[in-house]
Amino acid sequence: MGGMPMIAQTEPLVPSIGWSVLHLFVKARGAVDCDIVHDAKDVLEKAGGQVVTAAILGHKADACVMALSEDLWDLRRLQTEIERSGLEVTESYVSLTELSEYSQGVPEQMREARLHPKLPPEGLRAFCFYPMSKRRGEIHNWFSLPYDARKELMMAHGKSGRAFAGRILQVITGSTGLDDFEWGVTLFGGTPDDIKECVYTMRFDEASALYAEFGPFYTGIVGTVDEVLGTLSR
Amino acid sequence: MGGMPMIAQTEPLVPSIGWSVLHLFVKARGAVDCDIVHDAKDVLEKAGGQVVTAAILGHKADACVMALSEDLWDLRRLQTEIERSGLEVTESYVSLTELSEYSQGVPEQMREARLHPKLPPEGLRAFCFYPMSKRRGEIHNWFSLPYDARKELMMAHGKSGRAFAGRILQVITGSTGLDDFEWGVTLFGGTPDDIKECVYTMRFDEASALYAEFGPFYTGIVGTVDEVLGTLSR
Amino acid sequence: MGGMPMIAQTEPLVPSIGWSVLHLFVKARGAVDCDIVHDAKDVLEKAGGQVVTAAILGHKADACVMALSEDLWDLRRLQTEIERSGLEVTESYVSLTELSEYSQGVPEQMREARLHPKLPPEGLRAFCFYPMSKRRGEIHNWFSLPYDARKELMMAHGKSGRAFAGRILQVITGSTGLDDFEWGVTLFGGTPDDIKECVYTMRFDEASALYAEFGPFYTGIVGTVDEVLGTLSR
Amino acid sequence: MGGMPMIAQTEPLVPSIGWSVLHLFVKARGAVDCDIVHDAKDVLEKAGGQVVTAAILGHKADACVMALSEDLWDLRRLQTEIERSGLEVTESYVSLTELSEYSQGVPEQMREARLHPKLPPEGLRAFCFYPMSKRRGEIHNWFSLPYDARKELMMAHGKSGRAFAGRILQVITGSTGLDDFEWGVTLFGGTPDDIKECVYTMRFDEASALYAEFGPFYTGIVGTVDEVLGTLSR
Amino acid sequence: MGGMPMIAQTEPLVPSIGWSVLHLFVKARGAVDCDIVHDAKDVLEKAGGQVVTAAILGHKADACVMALSEDLWDLRRLQTEIERSGLEVTESYVSLTELSEYSQGVPEQMREARLHPKLPPEGLRAFCFYPMSKRRGEIHNWFSLPYDARKELMMAHGKSGRAFAGRILQVITGSTGLDDFEWGVTLFGGTPDDIKECVYTMRFDEASALYAEFGPFYTGIVGTVDEVLGTLSR
């Protein structure tokens with residue numbers, strides 16, 4: 001860059017609770033420098049963050065790089081490095097780990113699992129991401145329901161999801177005010193049909209049937225950086 | 001790729017039932033290396049998969065490569081090879097063959113035809129693909145209907161479709177949680193107007209009239225790799 | 001193309017009634033080889049097809065190439081040739097000429113005019129294309145109306161359109177199951193305001209006011225290949 | 001162009017009443033040849049047409065070229081010249097000047113101002129364009145209202161607009177059947193907040209509150225060709 | 001540019017009250033000349049304007065340049081300079097600072113803070129921008145509500161927002177008639193979760209639950225030009 005200064009030391013910007021999360025969906029248009037991707041992952045992990053990589057099927061993306069970190073600047077620098085490696089960021093999602101308003105009193109272990117998840121989970125290699133919002137329709141409007149009604153619907157929805165414990169790990173991160181939908185949902189499953197069955201089953205829950213709006217779905221396979229980039233090698 | 005490792009041996013990721021399906025819609029922007037396409041098809045078929053190719057009309061795509069396989073990694077590698085041949089993937093669909101919740105008790109032969117279809121069908125060369133979801137409207141909401149009502153609507157819809165037996169083969173694959181719509185519909189017809197008449201007729205079924213939402217439609221002609229790529233030759 | 005075979009002789013794929021129709025909307029990004037366009041038109045016409053060319057105004061396209069043919073392969077080959085000439089296909093529409101379910105008993109001459117129109121009509125040089133579907137709203141749903149109600153609405157709509165006889169030729173082709181809307185409407189008018197007045201007037205018909213959904217509109221001028229490409233010459 | 005004929009002499013295609021109007025929204029991707037733009041403007045003006053140029057703010061466009069002419073071919077040729085100058089047409093609108101069905105009996109001077117406006121107006125340099133349609137909702141449907149109800153609503157809406165006389169000149173051109181919306185609205189204002197206040201105030205009129213659907217808004221500053229292109233000079 | 005004149009001296013076009021505001025969302029596709037960005041900022045500030053820069057996360061943009069100025073021409077020239085530096089403007093928003101119709105009688109200091117804000121605020125480095133409109137639904141229509149009902153809803157909404165005083169600075173600029181939504185909302189927060197909590201909480205206010213429609217959300221970090229561009233350096 002003309003007149004480009006050294007990368008300034010930036011003062012960290014961290015959430016007061018939980019972690020910042022950045023899903024990057026990338027395409028390999030030309031040559032990719034895998035070393036840069038490895039290095040960017042190492043840098044974030046040394047700073048206490050985590051990076052999950054997954055191969056993605058179809059035209060939306062070739063791969064997903066899901067990064068968790070305290071400092072937003074660290075995520076922004078990771079994105080710059082990913083792009084510098086030759087991967088183009090075609091879609092993305094910005095969110096924060098959170099404890100929902102309905103889960104404030106959960107046990108410490110569950111609280112920790114939501115605010116500081118350890119990813120990816122062992123043995124659940126089928127990967128899925130989609131964003132969602134609660135409907136604000138002219139008849140069915142989630143935001144006009146009283147808290148107790150919302151809590152009851154969410155408890156029933158949660159129970160429906162727990163039937164898939166062990167087969168599906170669900171990571172829900174909050175994005176109201178941060179990205180176009182209100183939540184990002186990252187699913188890790190044992191098989192692709194575990195993910196399909198889980199989402200299909202839960203779609204009949206009233207919380208979802210009447211009140212959920214879904215964004216695009218991204219499907220793939222969790223793998224190491226070498227596995228994921230290796231299958232893109234042209 | 002800089003520092004690109006050899007393509008790692010990946011552990012297969014297969015559905016517990018049925019096959020993984022990937023529809024790739026591609027454009028020939030420049031020169032296309034047909035040998036790479038032939039090789040990719042051979043590799044998948046040797047691994048037990050299937051590949052259907054169709055020429056597509058209009059701006060959305062020049063061709064469709066529909067691939068069925070057990071292992072998601074095999075489909076991802078096929079996609080990489082297709083792109084390496086010079087074809088650009090402009091649209092796609094990710095789904096799984098399935099036995100719907102309304103068809104659990106069908107005879108073994110029908111069950112097998114849905115989970116492990118043999119494609120393309122003989123003599124049905126008119127090709128059509130579109131994705132669809134069931135409506136979750138504020139008044140008409142499929143996911144709020146009881147199971148029996150849904151089953152009755154689907155039985156009537158199925159009967160309406162069976163009037164086209166022999167003229168149309170319908171392959172419905174499930175994609176809830178995997179792609180943007182809930183099902184992918186691939187039609188093989190004797191003539192283009194068989195497809196039009198079938199879809200038009202079924203649109204008046206209550207299951208479709210009140211409860212279906214359709215995505216984009218892709219129309220073309222099933223052909224060999226040489227026929228399909230040959231007509232794109234510039 | 002690497003390993004590209006000669007263009008294979010393909011077995012024709014023709015509708016059992018009427019013609020296949022392909023509207024190509026194209027942009028001239030760089031140099032255009034007019035001879036290729038002339039040749040492609042000649043080839044299709046010798047095979048019994050027709051090609052109408054129109055200059056289009058605005059950013060959506062520089063020109064429209066509307067082709068009618070029995071064989072879908074012929075239309076696909078025409079598209080390849082158009083692209084080979086240097087024109088980029090940016091939008092398109094795939095449909096079939098048809099006799100609607102409400103017009104099955106029309107006189108032979110009218111039947112023939114709909115299934116095998118002779119285009120472009122003499123003296124009607126203002127050109128317009130748009131796709132449309134019948135509404136499947138939660139309150140107003142065309143596909144839930146009984147046949148007699150639909151027929152009555154269509155008869156009134158047709159009468160409204162016949163007031164423009166001589167000033168407007170309307171070519172309606174069916175695309176349910178073939179493209180994103182259910183019909184393509186191609187209008188040929190004496191003047192641009194004939195088209196505006198006709199569409200505006202018919203929009204108040206109940207069949208249209210309550211039950212029509214419109215796609216994008218393309219406006220232009222019918223001309224010879226030389227006139228149309230000549231005005232794009234840079 | 002290979003085999004490119006001289007630009008054919010084309011037979012004019014003119015509306016039977018009023019003028020043809022083309023709004024071109026353009027971006028300067030690289031070098032722009034201003035002489036070509038000047039020449040294209042001169043050619044159209046010598047043929048009796050008008051050209052208004054405005055700098056546009058934001059990503060949608062760098063400038064607007066609004067051209068009025070009798071002959072559609074003249075507008076198409078202007079578009080080709082604008083593109084030949086190095087400006088890319090990224091958005092556009094096609095319409096006709098008109099006397100609405102509610103204004104058939106207006107005085108000759110007002111009739112003339114609508115069919116043959118003199119643009120740009122003196123001293124009103126704030127520029128705005130947006131397209132709009134009347135709503136065809138399931139409950140509120142403009143096209144199901146009787147003529148008298150529509151006329152009354154439009155009269156009240158017009159009165160509301162006339163409060164801005166002198167501060168805003170509103171040019172409404174009809175595009176039903178010609179472009180994606182039913183009307184194009186071009187506003188010329190004394191200041192940017194005149195435009196904001198006018199549109200905001202009129203949005204509460206019942207004709208607009210219940211029955212208007214708006215497309216994208218383009219905002220800028222009327223200037224000479226040199227002023228507009230000069231501020232884009234890189 | 002061929003035949004490019006010197007940049008003409010332009011007559012300022014300023015709002016009669018408040019400032020013009022331009023949000024530019026930019027991507028660094030290749031090399032960026034930081035000196036040009038510094039100079040453009042200096043020029044605007046010397047003319048009495050302000051420029052806020054923020055790094056943005058995700059695919060929508062790499063950075064935001066938010067500029068406030070009296071003269072629209074100054075903002076347009078800033079945009080040209082930003083693009084000349086090598087940054088591509090991929091999204092944007094055009095608006096004006098304003099005193100809403102519900103706040104006409106506020107104290108002078110608050111009035112001044114809205115019409116002539118001093119940005120960025122000290123210590124609030126989490127950045128968010130989104131545009132919004134009031135709903136014009138078929139059942140819930142903001143523009144059909146009487147003034148008093150609207151004012152009451154806005155007062156309650158404002159009170160809800162004031163609970164975040166000190167943690168969030170909210171800058172609301174008006175864009176009815178200027179850009180696609182009716183308001184632009186720029187939030188400056190102490191932490192990313194302050195922004196999330198504020199927007200989430202206010203979404204349950206009736207003014208928002210029943211009557212707000214939101215556009216895309218952009219999230220980032222306020223920084224100096226060197227900090228922001230430095231983290232994009234490839």
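So that the names make sense, note that chain A is the first sequence line, chain B the second, and so on, each numbered from 1. These numbers come from the heavy atoms of this one structure, side chains and all, not from hydrogens, waters or symmetry mates.
- Contact count against chain E (heavy-atom pairs under 4.5 Å) is highest for D/D193 among D/I195, D/D194, D/D193, D/V199.
- For chain D, the option among E/F181, E/Y93, E/W142, E/F143 with the highest count of heavy-atom pairs below 4.5 Å is E/F143.
- Atom CD of E/Q104 has more than 12 neighbouring heavy atoms from other residues, nucleotides or ligands inside a 6.0 Å radius.
- Between the side chain of E/D180 and the backbone N or O of D/P216 there is no donor-acceptor pair closer than 3.5 Å.
- Taking each heavy atom of E/N141 and D/L210 in turn, the nearest pair found is ND2-CD2, 3.7 Å.
- At distances below 3.5 Å, not a single donor-acceptor pair connects side-chain atoms of E/R76 with backbone N or O atoms of D/A55.
- For E/L178, the parts lying under 4.5 angstrom from a heavy atom of chain D are both the backbone and the side chain.
- Of all the listed residues (D/A212, D/S85, D/C198), the one sharing the greatest number of non-hydrogen pairs under 4.5 Å with chain E is D/A212.
- With chain E as partner, the option from D/Y218, D/F214, D/Y130 having the largest number of non-hydrogen pairs under 4.5 angstrom is D/F214.
- Here the closest non-hydrogen pair linking D/G58 and E/S92 is CA-OG, 3.2 Å.
- For the residue pair D/Y200 / E/E101, a side-chain donor-acceptor distance below 3.5 Å is found, with atom types taken as modelled.
- With a 4.5 angstrom heavy-atom cutoff, E/V26 does not touch chain D via any of its atoms.
- For D/A126, the parts lying under 4.5 angstrom from a heavy atom of chain E are both the backbone and the side chain.
- Here D/R135 does not pair with E/E138 in a salt bridge; the nearest charged N to carboxylate O distance is not below 4.0 Å.
- In this structure, the portion of E/Q79 lying under 4.5 Å from any heavy atom of chain D is its side chain and not its backbone.
- There is no contact between E/S95 and chain D, counting heavy-atom distances below 4.5 Å.
- The contact between E/I139 and chain D is made entirely by side chain atoms (from C-beta outward), counting heavy-atom distances below 4.5 Å.
- Between E/E81 atom CD and D/T231 atom OG1 the span is 10.5 Å, to the nearest 0.5 Å.
- Of all heavy-atom pairs spanning D/C128 and E/G177, the tightest one is SG-O, 3.0 Å.
- In the displayed structure, E/Q109 atom CD is contacted under 6.0 Å by at most 12 heavy atoms of other residues, nucleotides or ligands.
- Note that CD of D/E197 and CD1 of E/I17 are 10.0 Å apart. Values are rounded to the nearest 0.5 Å.
- Checked options E/D71, E/L75, E/L72; the residue passing with D/I221 is E/L72 (criterion: side-chain contact (heavy atoms from CB on, under 4.5 Å)).
- Ranking E/H23, E/E11, E/E88 against chain D, the residue ahead of the rest is E/E11, based on heavy-atom pairs under 4.5 Å.
- Although no hydrogens or angles enter the test, the distance criterion places a donor-acceptor pair under 3.5 Å between the side chain of E/R136 and the main chain of D/S208.
- Under the 4.5 Å side-chain criterion, counting only non-hydrogen atoms from C-beta, E/E83 is not in contact with D/L232.
- Residue D/Q50 qualifies as enclosed at atom CD: its count of foreign heavy atoms under 6.0 Å is above 12.
- Contact count against chain D (heavy-atom pairs under 4.5 Å) is highest for E/V14 among E/L145, E/L24, E/V14.
- Note that CG of E/L13 and CZ of D/F127 are 13.0 Å apart. Values are rounded to the nearest 0.5 Å.
- With a threshold of 4.5 angstrom between heavy atoms, E/R150 approaches chain D through side-chain atoms but not through N, CA, C or O.
- With a threshold of 4.5 angstrom between heavy atoms, E/T90 approaches chain D through N, CA, C or O but not through any side-chain atom.
- Between D/K196 and E/D179 there is no salt bridge, since none of the side-chain N atoms of the basic residue sits less than 4.0 Å from a carboxylate O of the acidic one.
- Smallest separation of non-hydrogen atoms from D/R125 and E/W73: NH1-NE1, 3.9 Å.
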